[in-house]
2 protein chains.
Amino acid sequence: MLDVRRLRLLRDLSRLGTIAAVAQAHTYTASAVSQQLSALEREAGRPLLERAGRGVTLTPAGRTLAGHADNVLAALEEATAALAATAAGLSGPVRIGAYPTAVRTLLPAALVALGRDHPALELLVSEMDPVAVPAALHERRLDVGLLHDYDVVPVRPDPALDGVPLLDETVYLAVPADLPASGVGDLPDVPWIVGSPGTLCHTVAVQVCRTAGFGPRVRHHADDFATVLALVGAGQGVALVPELAADRPPAGVRLVPLPTRRRTRIAYRRGAAGHPAVAAFVTALRDAAAGRGRPGGPAPARGVSAGRRRGR
Amino acid sequence: MLDVRRLRLLRDLSRLGTIAAVAQAHTYTASAVSQQLSALEREAGRPLLERAGRGVTLTPAGRTLAGHADNVLAALEEATAALAATAAGLSGPVRIGAYPTAVRTLLPAALVALGRDHPALELLVSEMDPVAVPAALHERRLDVGLLHDYDVVPVRPDPALDGVPLLDETVYLAVPADLPASGVGDLPDVPWIVGSPGTLCHTVAVQVCRTAGFGPRVRHHADDFATVLALVGAGQGVALVPELAADRPPAGVRLVPLPTRRRTRIAYRRGAAGHPAVAAFVTALRDAAAGRGRPGGPAPARGVSAGRRRGR
DNA sequence: GCATTGCGTAAGCTGCGCTGATGCTCGACG
DNA sequence: CGTCGAGCATCAGCGCAGCTTACGCAATGC
């Protein structure tokens with residue numbers, strides 16, 4: 001019988017690409033990971049990875065097995081969810097990762113409602129950029145997290161994660177009120193205020209400008225949208241601001257709706273949809289988001305719409 | 001993350017009932033199993049079993065977890081099946097468990113066909129009573145096996161096993177030619193020839209007589225149907241004989257068809273339907289059985305009709 | 001050219017998980 | 001009612017799986 005811990009390493013290798021990265025994610029040494037993967041190859045009876053330059057690549061058999069490892073881990077996740085569902089009430093820690101704007105706007109109401117209905121729940125919120133959420137979910141530092149899905153930045157869905165839509169927002173171009181502009185293309189030489197390099201906001205801003213035919217002239221880096229809007233109001237440049245953060249723009253800022261949309265999803269490890277605490281959080285947050293933006297879709301029956309996907 | 005080896009122990013405990021039996025099935029000591037199950041309880045964070053008299057019983061949480069353990073193990077089985085499917089041709093051992101009559105009648109043709117089409121396959125047949133097949137599949141001493149499903153002997157389906165129908169046979173009452181009888185009820189005081197105690201044949205014969213209103217007067221025990229028919233021909237008594245074994249009854253034997261039917265299934269561990277060697281065996285055996293008895297049902301697309309069942 | 005990154009192997013150590021021994025409780029049986 | 005055996009839990013002890021550290025090698029970047 002294949003060892004599940006080793007399958008998990010293989011799965012993470014297929015996600016992260018290098019043995020060193022897998023080792024870091026598991027707080028192991030690279031040597032340990034290498035040894036365990038060798039042992040997995042012995043169990044499998046055929047090579048699963050091969051050296052490619054400095055690193056390694058998965059063989060077709062390795063990719064197949066990594067895909068099925070997701071199914072096994074999802075089944076394990078379902079088992080723990082079912083186990084938690086046998087408890088009398090909801091209790092224990094729920095680690096939540098969300099981007100700052102959501103923490104400010106959506107989460108408070110949801111946390112209040114959850115704390116009222118399930119006082120034994122221990123709700124732990126971590127502000128973090130959406131790009132960091134998948135890794136944190138994989139490494140079990142989070143139980144649920146908020147992800148963004150911009151149509152301008154294609155993300156291939158992670159087969160180990162699952163989720164439900166939360167928001168579908170308009171993205172605005174925030175410009176100083178005296179600046180005439182009806183779209184991104186009108187402002188090829190204007191200074192931009194974008195997120196810190198590496199954040200999703202940064203990537204999106206650059207990508208939106210690229211598709212408009214220019215690279216943005218970046219003047220300021222700021223991740224908090226209140227700050228961003230203040231800078232725009234001060235005539236320091238233009239910026240992209242999602243609907244959720246553009247609630248009450250300061251004086252001197254004009255918001256131009258763009259065709260680009262920002263979709264937010266609540267994500268969790270595949271198989272965790274049936275976990276009562278996760279399900280409770282999902283409904284609470286969707287309730288809190290009702291009315292804000294467009295609802296992202298119908299509320300799913302608990303743990304049903306999130307069916308287990310099959311391996312390749 | 002729950003330990004899968006421990007989940008397997010829990011699953012086997014729910015199947016076998018006692019820790020001692022689980023230990024025997026795994027060739028462990030009872031002490032080891034007890035310790036591992038305690039560790040699983042620590043992982044689960046709640047009691048999974050409780051002492052009941054001399055033995056133990058699963059708590060509701062334990063039963064839930066045992067049910068999901070089946071899903072996890074099935075996903076693992078699918079992974080190994082997918083891994084085997086990446087190999088170039090079919091090879092390796094296939095351990096087959098079948099009842100004697102099938103070994104004599106159905107298997108030879110299937111083995112010849114498989115050996116011809118896949119010479120690298122190592123086909124290992126073990127004659128065994130159907131009642132022993134589920135345990136042998138669980139303990140990985142077999143890869144596929146033949147099961148019986150008499151309508152008079154209810155068997156609850158094993159959630160860890162899967163399978164496809166193979167045969168649907170008439171069961172005959174074999175009587176000496178000079179004995180007038182049109183059914184079991186006509187012969188309350190006649191001596192019977194039945195299988196050895198503990199075999200399914202024995203159970204079925206006793207049960208058929210019970211429903212006819214009497215306990216059979218057992219004179220002989222014989223498991224080979226050729227022997228049984230010879231004894232009947234010698235006027236030693238009557239017996240139940242399935243269609244497959246009643247091909248050419250010896251002189252002096254009359255076969256009275258009964259309403260009872262015997263259904264044969266090809267069984268394997270859940271998740272193994274996609275294993276290429278298992279799938280090849282299934283098709284080969286169904287081909288060999290075509291025409292014999294009634295076909296048990298439509299041939300399923302490989303590994304599809306045998307979908308994964310969900311936990312409770 | 002050298003430094004860096006990534007992987008594999010060898011050696012050593014630690015703790016998990018097994019066995020064996022012991023004691024307990026419960027049920028069967030005379 | 002006392003005895004025996006079955007079944008389970010706990011403890012001590014030990015071996016090995018699996019980790020870390022150290023080292024060597026190949027490929028890449030400057």
Side-chain angles (χ1 to χ4, degrees), chain A residues 1-59 61-63 65-66 69 73 76 135 139-140, chain B residues 1-59 61-63 65-66 69 73 76 135 139-140:
Chain A
M1 221 177 41
L2 296 167
D3 186 283
V4 173
R5 294 178 61 246
R6 290 169 179 162
L7 282 179
R8 198 157 107 89
L9 294 178
L10 182 70
R11 196 268 158 276
D12 288 345
L13 177 62
S14 106
R15 181 169 56 91
L16 298 171
T18 73
I19 289 181
V22 176
Q24 193 178 8
H26 288 256
T27 58
Y28 284 165
T29 60
S31 172
V33 175
S34 177
Q35 289 176 50
Q36 290 305 309
L37 288 176
S38 296
L40 184 61
E41 283 187 311
R42 279 199 303 277
E43 287 180 349
R46 80 188 73 247
L48 300 175
L49 37 90
E50 53 195 359
R51 299 223 46 157
R54 255 190 319 203
V56 291
T57 327
L58 292 187
T59 64
R63 277 192 295 276
L65 200 54
L73 295 170
L76 259 178
E139 294 168 21
R140 313 191 145 262
Chain B
M1 221 178 41
L2 296 167
D3 185 284
V4 173
R5 295 178 60 247
R6 290 168 180 164
L7 282 179
R8 198 157 106 90
L9 294 179
L10 183 71
R11 196 267 159 277
D12 288 345
L13 177 63
S14 106
R15 182 169 57 91
L16 298 171
T18 73
I19 290 181
V22 176
Q24 193 177 8
H26 286 256
T27 61
Y28 283 165
T29 61
S31 171
V33 175
S34 177
Q35 289 177 54
Q36 290 306 308
L37 288 176
S38 296
L40 184 62
E41 281 186 313
R42 279 199 304 276
E43 286 179 350
R46 82 186 71 248
L48 301 176
L49 37 90
E50 53 194 2
R51 299 222 47 157
R54 257 189 316 202
V56 291
T57 327
L58 293 186
T59 63
R63 277 192 294 276
L65 201 53
L73 295 170
L76 259 178
E139 294 168 22
R140 311 190 148 262

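These values consider heavy atoms only, across backbone and side chains, with no hydrogens, waters or symmetry-generated copies. Chain letters run A, B, ... following the sequence lines, proteins first and then strands; every chain starts at 1.
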**Student:** Under 3.5 Å, side chain of A/Arg51 to main-chain N/O of A/Arg54, donor-acceptor pair present?
**Tutor:**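 Yes: the side chain of A/Arg51 pairs with the backbone of A/Arg54.
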
**Student:** Nearest whole angstrom, please: distance from the C1' of D/dC8 to the CG of B/Leu10.
**Tutor:**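 From B/Leu10 CG to D/dC8 C1': 16 Å.
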
**Student:** Whole angstroms only, please: what is the CG-P distance between A/Asp3 and D/dA17?
**Tutor:**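 From A/Asp3 CG to D/dA17 P: 12 Å.
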
**Student:** Scan residues 20-30 of chain B against DNA chain D and write down, sorted by residue number, each residue with any heavy atom closer than 4.0 Å; if none is found, say none.
**Tutor:**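 Listed by number, they are B/Ala20.
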
**Student:** Between B/Arg15 and B/Ala135, what is the shortest heavy-atom contact and its length?
**Tutor:**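 Taking every non-hydrogen atom into account, NH1-CA, 4.2 Å.
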
**Student:** Can you confirm whether B/Leu13 sits close enough to B/Leu58 that some side-chain heavy atom of one is under 4.5 Å from a side-chain heavy atom of the other?
**Tutor:**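 Yes; the side chains approach each other to less than 4.5 Å.
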
**Student:** Should B/Arg6 be listed as having a side-chain N or O under 4.0 Å from OP1 or OP2 of C/dG17?
**Tutor:**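 Answer is yes, contact under 4.0 Å.
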
**Student:** With a cut-off of less than 4.0 Å, is there a side-chain N or O of A/Arg5 near OP1 or OP2 of C/dC16?
**Tutor:**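 For C/dC16, neither OP1 nor OP2 has a side-chain N or O of A/Arg5 closer than 4.0 Å.
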
**Student:** When all nucleic acid strands are considered with a 4.0 Å heavy-atom cut-off, which category describes B/Val33: base, sugar-phosphate, or nothing?
**Tutor:**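 Nothing: the residue B/Val33, judged by heavy atoms under 4.0 Å, touches no strand.
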
**Student:** Do A/Val4 and A/Leu73 touch side chain to side chain, with heavy atoms closer than 4.5 Å?
**Tutor:**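 They are in side-chain contact.
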
**Student:** Other residues, nucleotides and ligands only: do more than 12 of their heavy atoms fall within 6.0 Å of CD on B/Glu43?
**Tutor:**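 Yes, CD of B/Glu43 has more than 12 neighbouring heavy atoms, counting only those of other groups under 6.0 Å.
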
**Student:** Can you tell me how far P of C/dC16 sits from CG of B/Leu40, to the nearest Å?
**Tutor:**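 Taking CG of B/Leu40 and P of C/dC16, I get 16 Å after rounding.
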
**Student:** Given atom CG of A/Leu49 and atom P of C/dG6, what is their separation to the nearest angstrom?
**Tutor:**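 Distance, rounded to whole Å: 16 Å.
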
**Student:** Under 4.0 angstrom, heavy atoms only, what part of the nucleic acid is A/Gln35 near: base, sugar-phosphate, or nothing?
**Tutor:**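 It contacts base atoms.
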
**Student:** Kindly compute the distance separating CD (A/Glu41) from CG (A/Leu49), expressed to the nearest 0.5 Å.
**Tutor:**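 Between A/Glu41 CD and A/Leu49 CG, I get 4.5 Å after rounding to 0.5 Å.
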
**Student:** Please classify the nucleic acid contact of B/Thr18 as base, sugar-phosphate, or nothing, using heavy-atom distances under 4.0 Å.
**Tutor:**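 Touches sugar-phosphate only.
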
**Student:** Provide, to the nearest angstrom, the distance between the CG atom belonging to B/Leu9 and the C1' atom belonging to C/dC16.
**Tutor:**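 My rounded result for the distance is 15 Å.
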
**Student:** Grab the CZ-P distance between A/Arg54 and C/dT4 for me, whole Å please.
**Tutor:**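 Taking atom P of C/dT4 as the reference, CZ of A/Arg54 is at 12 Å.
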
**Student:** For the CD atom of A/Gln35 and the CG atom of A/Leu9, what is their distance to the nearest 0.5 Å?
**Tutor:**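 Reported value, rounded in 0.5 Å steps: 11.5 Å.
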
**Student:** What I want to check is whether an N or O donor and acceptor connect the side chain of A/Ser31 with the base of C/dT9 at under 3.5 Å.
**Tutor:**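 Pair found.
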
**Student:** Specify the separation, in whole Å, of atom CD1 of A/Ile19 and atom P of D/dA27.
**Tutor:**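 From A/Ile19 CD1 to D/dA27 P: 16 Å.
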
**Student:** Rounded to the nearest angstrom, tell me the gap between atom CG in A/Leu13 and atom C1' in C/dG8.
**Tutor:**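 Atom CG in A/Leu13 sits about 14 Å away from atom C1' in C/dG8.
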
**Student:** Between B/Arg51 and A/Arg51, which is nearer to the 5' end of DNA chain C once each is assigned its nearest nucleotide?
**Tutor:**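 Closest to the 5' end, via its nearest nucleotide, is A/Arg51.
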
